[in-house]
Amino acid sequence: MRVEELPVDERIKRIILERGIEELYPPQAEALRSGVLEGKNLVLAIPTASGKTLVSEIVMVNKLLREGGKAVYLVPLKALAEEKYREFKEWEVLGLRVAATTGDYDSTDEWLGRYDIIVATAEKFDSLLRHGSSWIKDVKLVVADEVHLIGSYDRGATLEMILSHMLGRAQILALSATVGNAEELAEWLNAELVVSNWRPVQLRKGVFAQGELFWEDGKIDRYPANWDSLAIDAVKRGKQALIFVNTRRSAEKEAVSLAPKIARLLTKPEQRGLKELADSLESNPTNEKLKKALRGGVAFHHAGLSRTERTMIEDAFREGLIKVITATPTLSAGLNLPAFRVIIRDTKRYSNFGWVDIPVLEIQQMMGRAGRPKYDKVGEAIIVARTEDPKKLMDRYVFGKPEKLFSMLANESAFRGQILALITNFGVENFRELINFLEKTFYFYQRSDTSHLEWKAKEIVYFLIENEFIDMDIEDRFIALPFGRRTSQLYIDPLTAKKFKDAFPKLEKNPNPFGIFQLIASTPDMGTLNARRKEMEDYLDLAYEMEEKLYVNIPYWEDYRFQSFLNEVKTAKILLDWINEVPETRIYDTYNIDPGDLYRILELADWLMYSLIELYKLFEPKKDVLDYLRDLHLRLKHGVREELLELVRLPNIGRKRARALYNAGFRTTEDIMRAKVSELLAVEGIGLKVVEGLFMHFGVELPKASKKSTEENRKRRKGTLDDFLK
DNA sequence: CGATAATAGCTGTAGACAGCATGTC
DNA sequence: CTACAGCTATTATCG
């Protein structure tokens with residue numbers, strides 16, 4: 001189908017033509033002919049990079065231009081929200097306004113009412129629904145990206161509930177990877193179904209075993225026995241490779257060992273560029289390995305890296321500077337980062353049940369990464385058989401069908417929060433109504449026997465009543481209690497809220513960081529770290545040493561909670577180090593964690609600390625305890641000792657600057673107000689901009705001369721992400 | 001007997017969403 | 001529960 005022929009607003013066609021697109025891909029055309037443009041629901045199950053985004057853009061913009069209202073675009077990752085936001089921003093020339101919202105920024109819900117296209121993570125949208133923002137009724141279309149995540153154990157229930165809420169209230173466009181039961185999904189959503197395997201870049205799949213590369217069409221290529229020759233070969237041909245492995249350690253090892261072999265193939269300018277990249281990295285144990293790999297044009301990519309490093313690697317790979325990335329599943333879903341050749345080294349993964357085969361769905365998503373639309377005619381995806389039988393791998397992953405999607409609504413921890421929200425935020429008045437709502441879900445659609453779910457729902461309702469989240473009157477009507485309502489809005493697991501509530505009496509008597517951090521670490525919302533065998537004794541000693549600071553009893557070693565208790569102690573100790581200003585590099589060394597891990601637990605602890613304070617406010621809080629908790633929260637946020645609390649409250653003053661000011665003799669707000677500009681500028685990390693901010697904060701004008709140079713400073717720095725991060 | 005090499009045994013394992021109110025180095 | 005890399009403790013080997 002030609003773009004000209006599209007039955008949509010002329011302005012849309014013009015913009016698409018300006019992008020240089022004149023002809024739609026076959027699945028795109030099929031999708032747009034299915035009735036979505038007339039308002040029908042649609043499930044679109046096609047491979048990544050075959051143009052799902054363009055379809056959703058056309059549907060969204062066309063609908064908004066014709067009918068007004070709002071479109072919500074749901075994504076599974078915060079990074080993806082950013083990416084989509086940037087893509088959709090282009091449509092603002094038509095007068096539409098685009099916003100992105102995740103837990104990271106801009107949560108003031110009413111503010112979102114001014115926008116037409118809203119990109120959000122599923123959880124964020126769920127939270128917005130719970131807050132009952134007035135603009136929700138204007139949502140005319142929901143696009144759910146990567147809707148197969150409905151089958152994910154820990155996050156599937158949320159997505160399923162959102163769709164159940166919106167079903168019938170808004171048009172639904174569900175974008176999915178190829179799954180075993182797309183028909184079922186479409187039937188549930190009362191939607192048309194378009195399934196296709198068409199790709200803009202042809203995909204060639206194969207299995208590699210001991211030097212022989214068996215292609216799906218029966219052809220065989222010969223290589224050196226070691227599988228890494230596949231990556232080297234790709235680079236020799238001027239292409240890039242993406243290697244998937246199943247542990248962080250493997251990712252790092254393979255990157256470092258490939259680096260010298262790839263280095264020989266680099267041009268001089270490339271070597272210079274890579275060296276520059278490596279030199280720009282901050283120094284820490286993980287980055288040292290990364291630098292080594294980078295100098296050979298290779299990088300590893302996993303969740304232990306901090307945001308900065310990850311984006312740097314992604315960008316440099318897209319530019320072609322980095323030739324090979326070795327990655328854990330961080331890269332398998334989500335960001336669009338294709339490569340000519342995808343090599344899958346591992347098809348097994350460690351889980352709670354030991355070693356399990358990675359689902360076909362996931363392997364096929366990894367394979368789908370092969371082939372760069374602008375550069376390659378064909379992409380190659382190769383699975384490495386190291387110990388496994390190559391024929392088995394071929395049957396399972398190359399010719400096999402992906403798994404069916406199963407509802408994960410019955411997963412207890414997710415279900416608990418969802419039921420609470422139905423009662424406290426969505427006006428469900430009694431058990432009958434609760435079941436009525438659940439009948440709209442995929443779970444009910446999929447299973448003939450729903451007695452298990454009903455029984456589970458009943459159990460959860462009892463739990464909620466018993467712990468005073470909700471109550472029930474004599475006519476068996478639910479009553480939402482403030483504790484329940486707040487828990488639901490804070491978006492924490494009711495079990496977390498219960499743990500907090502139970503601890504308040506002890507906490508009030510003996511507020512202290514260690515006890516509070518252990519409490520936070522013990523909640524199901526806090527992903528803890530693992531205490532290693534060798535460390536166990538140390539943490540147990542620490543726990544006994546600090547016994548009177550804890551709000552729980554130390555379990556005996558036979559207790560099933562023993563290991564998790566030590567994990568909590570380890571997490572608490574790290575948080576304690578953080579607020580005592582232990583340098584980050586020492587934290588990485590001491591606890592054997594990566595920068596990304598530290599960032600993650602700090603982020604979680606910050607959120608839970610806030611929630612703890614909010615809940616405490618509901619139970620006749622003591623003023624001094626509340627103040628104590630707020631100070632501790634601030635210390636956690638900034639990673640500072642008590643003595644820096646005052647400074648850290650000032651604008652643009654964080655951990656490092658506060659410490660520098662304090663050590664330079666500026667210990668209070670008053671010290672700074674009295675200081676001369678030049679004295680402040682002499683402090684490390686304090687520039688004109690910061691000083692200006694401080695003076696503005698105090699309501700004092702900066703002398704003219706310095707103001708001018710501040711203006712110049714600003715000019716030099718403009719052209720960043722601008723209003724997006726405002 | 002002591003130093004060094006080979007081997008048996010043990011350990012640990014991916015990822016990432018949510019609140020709120022504004023400004024990290 | 002079907003793995004496997006990297007490390008440590010233990011045993012074998014050699015002079």
Side-chain angles (χ1 to χ4, degrees), chain A residues 75-81 101-109 111 120-128 130-131 149 152-155 157-159 244-254 282 302-304 308 327-334 346-358 362 386-388 414 417 486-493 496 525 527 530-534 592 596-597 599-601 603-604 606-615 633 637-639 648-660 684-687 689-690 693 697 725-726:
Chain A
V75 291
L77 297 168
K78 289 194 269 197
L80 231 42
T101 173
T102 71
D104 275 355
Y105 46 84
D106 289 326
S107 68
T108 42
D109 25 5
W111 171 87
T121 52
E123 285 76 8
K124 183 64 189 193
F125 186 62
D126 189 22
S127 161
L128 290 167
R130 291 183 190 188
H131 281 80
L149 252 81
S152 120
Y153 180 77
D154 52 337
R155 297 182 58 198
T158 310
L159 194 52
F244 286 107
V245 297
N246 63 3
T247 64
R248 289 183 185 183
R249 204 155 61 171
S250 302
E252 294 179 5
K253 193 203 94 184
E254 299 297 2
E282 197 179 299
H302 60 59
T308 333
T328 57
T330 6
L331 271 194
S332 69
D346 301 312
T347 55
K348 284 179 189 302
R349 161 199 306 160
Y350 192 83
S351 77
N352 296 335
F353 320 103
W355 285 89
V356 293
D357 285 325
I358 297 174
E362 279 179 53
R386 291 193 294 169
T387 54
E388 209 88 14
R486 198 71 188 106
T487 298
S488 175
Q489 288 188 335
L490 289 167
Y491 215 83
I492 55 177
D493 187 331
T496 297
D525 283 313
N530 214 22
R532 284 159 168 77
R533 199 70 55 114
K534 270 197 240 160
N592 200 6
D597 302 315
Y599 176 81
R600 197 187 97 249
I601 62 167
E603 192 185 37
L604 285 168
D606 176 32
W607 167 48
L608 290 167
M609 187 73 208
Y610 174 82
S611 301
L612 182 139
I613 294 170
E614 287 302 299
L615 291 180
H633 186 202
K637 233 183 166 75
H638 293 287
V648 126
R649 282 183 222 266
L650 295 169
N652 295 312
I653 304 298
R655 190 178 209 213
K656 305 228 161 108
R657 286 174 182 157
R659 181 44 70 193
E684 174 112 25
I686 309 284
K689 240 186 125 116
V690 176
H697 178 76
L725 296 167
K726 71 181 121 193

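Residue numbers start from 1 in every chain, and the chains themselves are labelled A, B, ... in the order their sequence lines are given, proteins ahead of strands.
Comparing K534(A) and D357(A) by the nucleotide of DNA chain C whose heavy atom lies nearest to each, the residue mapping closer to the 5' end is D357(A). Between D154(A) and H638(A), it is D154(A) whose nearest contact on DNA chain B lies nearer the 5' terminus.
If you check every strand for non-hydrogen atoms under 4.0 Å, R657(A) touches a base. Nucleic acid contact for E388(A): none, since no nucleic acid atom lies under 4.0 Å from a heavy atom of the residue. Residue-level contact check: I492(A) touches neither bases nor backbone, having no heavy atom under 4.0 Å from any strand. Residue contacts shown for H633(A) include a base, since a base heavy atom lies under 4.0 Å away. Contacts of D346(A) with the nucleic acid, taken as non-hydrogen atoms under 4.0 Å apart, are absent. Residue contacts shown for L159(A) are absent, as no nucleic acid heavy atom lies under 4.0 Å away. Contact annotation for R249(A): base contact, defined as any heavy-atom pair under 4.0 Å involving a base atom. S611(A) comes within 4.0 angstrom of nothing in the nucleic acid, heavy atoms only. Looking at heavy-atom distances under 4.0 Å, R600(A) makes contact with a base. The residue N530(A) sits close only to the backbone: its heavy atoms come under 4.0 Å of sugar-phosphate atoms, none of a base.
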When Watson-Crick pairs (N1 to N3 and N6-O4 or O6-N4) and G-U wobble pairs (N1-O2 and O6-N3) count only below 3.5 Å on both distances, what is the dot-bracket string of DNA chain C, with | for other-strand pairs? ..|||||||||||||
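Protein atom NE2 of H302(A) is 12 Å distant from nucleotide atom P of dA16(B), rounded to whole Å. The distance from atom CD of E603(A) to atom P of dC17(B) is 8 Å, rounded to the nearest whole Å. A straight line from NZ of K253(A) to C1' of dC7(C) spans 14 Å, rounded to a whole angstrom. When the C1' atom of dT13(B) is taken as reference, atom CG of N592(A) falls 12 Å away, rounded to whole Å. Distance E123(A) CD to dA16(B) P: 12 Å, rounded to the nearest Å. Distance CG (L608(A)) to P (dC17(B)): 15 Å, rounded to an integer number of Å.
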Give the intermediate values and the outcome of side chain to side chain contact (heavy atoms under 4.5 Å, CB included) for residues T496(A) and L490(A). CA-CA 11 Å; T496(A) 297; L490(A) 289 167; over 6 Å; no
Going through the distances and angles, do T487(A) and I492(A) end up as a side chain to side chain contact (heavy atoms under 4.5 Å, CB included)? CA-CA 6 Å; T487(A) 298; I492(A) 55 177; 3.9 Å; yes
Trace of the side chain to side chain contact (heavy atoms under 4.5 Å, CB included) decision for D597(A) with R248(A): CA-CA 12 Å; D597(A) 302 315; R248(A) 289 183 185 183; 2.9 Å; yes
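Of all heavy-atom pairs spanning A303(A) and T330(A), the tightest one is N-CG2, 4.1 Å.
Within the structure, a side-chain polar atom (N or O) of R386(A) is placed less than 4.0 Å from OP1 or OP2 of dA5(C).
Residues satisfying the salt bridge (charged side-chain N to carboxylate O under 4.0 Å, His left out) test with E388(A), not counting sequence neighbours, are K348(A), K392(A).
If you check dG23(B) for Watson-Crick or wobble pairing at under 3.5 angstrom, you find it has no partner at all.
No N or O donor and acceptor, one from the side chain of K656(A) and one from the base of dT24(B), sit under 3.5 Å apart. Scanning atom types as modelled, one donor and one acceptor separated by under 3.5 angstrom connect the side chain of R349(A) and the base of dA14(B).
Ring orientation note: the planes of Y610(A) and H633(A) are tilted relative to one another, at an angle of 30° to 60°.
In this pair, Y350(A) does not lay its aromatic ring on the base of dG12(B); centres under 5.5 Å and planes under 30 degrees do not both hold.
For the pair R657(A) (side chain) and N652(A) (backbone), a donor-acceptor distance under 3.5 Å is present. A distance-only check finds no donor-acceptor pair linking the side chain of N246(A) to the backbone of D346(A) [under 3.5 Å].
Of the candidates dG12(B), dA14(B), dC20(B), the closest approach to any side-chain atom of R533(A) belongs to dG12(B).
Separating the C1' atom of dA3(C) from that of dA14(B) is a span of 16 Å, rounded to the nearest Å.
Looking at T158(A) and D126(A), their side chains never bring a donor and an acceptor atom within 3.5 Å of each other.
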